[in-house]
Amino acid sequence: MGKNRDRLCIVAAILETANSGASKTRIMCGANLSFKLLEKYLRVVLGAGFVRVEGCRYKLTESGREFLKQYRRFHERYVGAQKYLEALGCEREKLALSCGC
């Protein structure tokens, strides 16, 4: 079983899928959402001005692109920090074992 995603991650997945224009079905599959959740989050991203509707397709606005860019940057740093903290934890355990603590 996978971890539950937070709201920010779901919004980013929708924006990633809609980056070059996508239908509701494509976004639902690409972001791995139920139809009910898709409807909820489409209202969120439309209300925030991150996407616009063109016919049957959803496309990113400039602010949506900027949000996605900032999210990617944040996510990269977050993952890097997590790896660093895990490495510190492993080193700490090794040190504790070697000194008999």
Side-chain angles (χ1 to χ4, degrees):
M1 286 234 157
K3 290 183 178 181
N4 289 332
R5 297 179 291 173
D6 61 26
R7 292 180 182 118
L8 204 54
C9 184
I10 293 171
V11 167
I14 290 170
L15 297 182
E16 287 281 359
T17 306
N19 198 6
S20 57
S23 65
K24 275 188 180 182
T25 304
R26 175 98 171 113
I27 295 170
M28 188 172 77
C29 293
N32 195 25
L33 296 170
S34 68
F35 185 75
K36 187 176 179 178
L37 279 176
L38 173 70
E39 289 288 313
K40 175 185 173 179
Y41 280 97
L42 278 178
R43 284 192 301 272
V44 169
V45 296
L46 283 165
F50 293 158
V51 297
R52 66 180 182 280
V53 182
E54 290 183 7
C56 299
R57 301 184 71 74
Y58 293 81
K59 294 187 175 185
L60 255 61
T61 61
E62 192 54 42
S63 62
R65 279 187 184 78
E66 183 60 30
F67 176 88
L68 192 54
K69 179 179 157 186
Q70 294 295 330
Y71 174 81
R72 287 174 182 155
R73 186 177 297 144
F74 165 78
H75 192 307
E76 240 177 67
R77 289 179 179 174
Y78 176 77
V79 169
Q82 286 294 104
K83 287 179 182 177
Y84 179 72
L85 289 172
E86 286 174 15
L88 282 177
C90 290
E91 289 300 316
R92 197 173 195 188
E93 287 176 20
K94 287 179 190 175
L95 185 60
L97 289 174
S98 68
C99 73
C101 302

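Excluded from the calculations below are hydrogen atoms, water molecules and symmetry mates; all remaining heavy atoms, backbone and side chain alike, are included.
Nearest heavy atoms, R5 versus C9: CD-SG, 3.8 Å. Across every non-hydrogen atom of V51 and A18, the tightest pair is CG1-CB, 4.5 Å.
For R65, the CZ atom sits in a packed shell: over 12 heavy atoms of surrounding residues, nucleotides or ligands are nearer than 6.0 Å.
Transitive grouping of hydrophobic side chains (ILVMFWY, heavy atoms separated by less than 4.5 Å) keeps F74 and L85 in distinct clusters. A continuous path of hydrophobic side-chain contacts links L37 to L15 [ILVMFWY only; heavy atoms under 4.5 Å]. Under the 4.5 Å side-chain contact rule for hydrophobic residues, Y78 and V11 do not share a cluster. Taking hydrophobic clusters as Ile, Leu, Val, Met, Phe, Trp and Tyr residues chained together by side-chain heavy-atom distances below 4.5 Å, V79 does not share a cluster with Y71.
Once rounded to the nearest 0.5 Å, the distance linking OG1 of T17 with CG of L60 reads 10.0 Å. With rounding to the nearest 0.5 angstrom, the CG atom of L42 is 11.0 Å from the CE atom of M28. To the nearest 0.5 Å, atoms CD1 (I27) and CG (N32) are separated by 14.0 Å. Rounded to the nearest 0.5 angstrom, K40 NZ and L38 CG are separated by 12.0 Å.
By the side chain to side chain donor-acceptor pair (under 3.5 Å) test, S63 is found to be paired with T61, residues two or more places apart in sequence or in another chain being considered. Scored by the side chain to side chain donor-acceptor pair (under 3.5 Å) test, E54 finds R52, K59 as partners (sequence neighbours excluded).
With no hydrogens or angles considered, no side-chain donor-acceptor pair links E86 and Q82 at under 3.5 Å.
When side chains are defined from C-beta on, V44 does not count as touching I14, because their heavy atoms never get closer than 4.5 Å.
Within the structure, ring pair (Phe, Tyr, Trp, His ring centres under 6.0 Å) contacts touching residues 39-61 (residues at least two apart or in different chains) are F50-F67.
Here the rule is side chain to side chain contact (heavy atoms under 4.5 Å, CB included) with R73, and of R77, H75, E76 only R77 fits it.
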